[in-house]
Amino acid sequence: MKKGNFFERVYQIVRKIPEGKVMTYGQIAKIMGTKDARNVGWALHALRHAQGEPIVPCHRVVNKDGRLAPGYAFGGPNEQKMRLKAEGVEFINEDNVDLERSLWRV
DNA sequence: AAGTTGACGACGA
DNA sequence: CTCGTCGCCAACT
C-alpha cells in the first residue's frame, strides 16, 4: 500500500480539469470519497515547493467562495484571477469565479 | 513519538 | 459578521 495515495489522488483529479473550468476543494474531497477538503489544499500547498509530479493546474482549484486563499496563492490572488481569465473562466467579481458556469461537473 | 497546524466545508449559536 | 466544533489526512515542530 502506498502512503501518498491521498496526494496522488488529488493531483490526478486536478490534472484532468479542462481549461476554462475550476473545482472546489470540497468537490475534490467528495469525489475521493472523503470529507477532508483541507488536506486537498495541503496537497496543493505541497506542490509549491515540490513539483515532483507533472504539471498540476492548482490555479484551477478554488474554495467555496470561488477563489483561492487570500495570500496563499501561487503568486498572489491577482495571479490566479488573471490566469483563470486567460483560460476563459468567467468571474462574478474581482475575487469570485462564476462557479455556476465554470465549476467542472463530472 | 506525540501534539499542532494547514491552500477547507458546513452548520450552529 | 465572528466564534466554536467536527470531519479527515499528511507534514511540520
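Below, read A as the first sequence line, B as the second, and so on, with proteins coming before strands; counting in each chain starts at 1.
The residue A:Ala69 sits close only to the backbone: its heavy atoms come under 4.0 Å of sugar-phosphate atoms, none of a base. Within the 4.0 angstrom heavy-atom criterion, only backbone atoms of the sugar-phosphate kind lie near A:Lys64; the bases stay farther away. Among the atoms of the strands shown, base atoms are found under 4.0 Å from some heavy atom of A:Ala73.
Remark: A:Asp36 CG to A:Tyr25 OH distance equals 13.0 Å, nearest 0.5 Å. Note that the CG atom of A:Asn78 and the CD atom of A:Glu94 stand 8.5 Å from one another [nearest 0.5 Å].
The nucleotide C:dA10 finds its pairing partner in B:dT5, both defining distances of the Watson-Crick or G-U wobble pair being shorter than 3.5 Å.
In this structure, A:Glu8 places its CD atom 13 Å from C1' of C:dA10, rounding to the nearest Å. If you take CZ of A:Arg38 and P of C:dA11, they are 15 Å apart, rounded to a whole angstrom. Rounded to an integer number of Å, the gap from CE of A:Met32 to P of C:dG7 is 18 Å. Atoms CG (A:Asn5) and P (C:dA11) sit 12 Å apart, rounded to a whole Å. What separates CG of A:Leu44 from C1' of C:dA11 is a distance of 15 Å, to the nearest Å. Taking atom NZ of A:Lys35 as the reference point, atom P of B:dC11 lies 14 Å away to the nearest angstrom. Taking atom NE2 of residue A:His45 and atom P of nucleotide B:dT5, one finds them 16 Å apart after rounding to whole Å. Whole-Å rounding puts the A:Lys30 NZ to C:dG7 C1' distance at 13 Å.
Judged by distance alone, the side chains of A:Gln12 and A:Arg15 do bring a donor and an acceptor atom under 3.5 Å apart.
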What verdict does the side-chain hydrogen bond (donor to acceptor under 3.5 Å, both in side chains) test give for A:Arg83 and A:Gln80, after you've listed the backbone C-alpha separation in whole Å, the side-chain angles of each residue and the deciding distance to 0.1 Å? CA-CA 5 Å; A:Arg83 220 161 157 155; A:Gln80 185 250 358; over 6 Å; no
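Map A:Trp42 and A:Thr24 each onto its nearest nucleotide of DNA chain B; the residue landing nearer the 5' end is A:Trp42.
The only option from A:Asp65, A:Leu84, A:Thr24 that meets the side chain to side chain contact (heavy atoms under 4.5 Å, CB included) definition with A:Val97 turns out to be A:Leu84.
Distance noted for atom P between B:dA7 and C:dT13: 13 Å (whole Å). Across the P atoms, B:dA1 and C:dC8 are found 24 Å apart, a figure rounded to whole Å.
Among the nucleotides B:dA7, B:dG9, C:dG7, the one closest to any side-chain atom of A:Asn63 is B:dG9.
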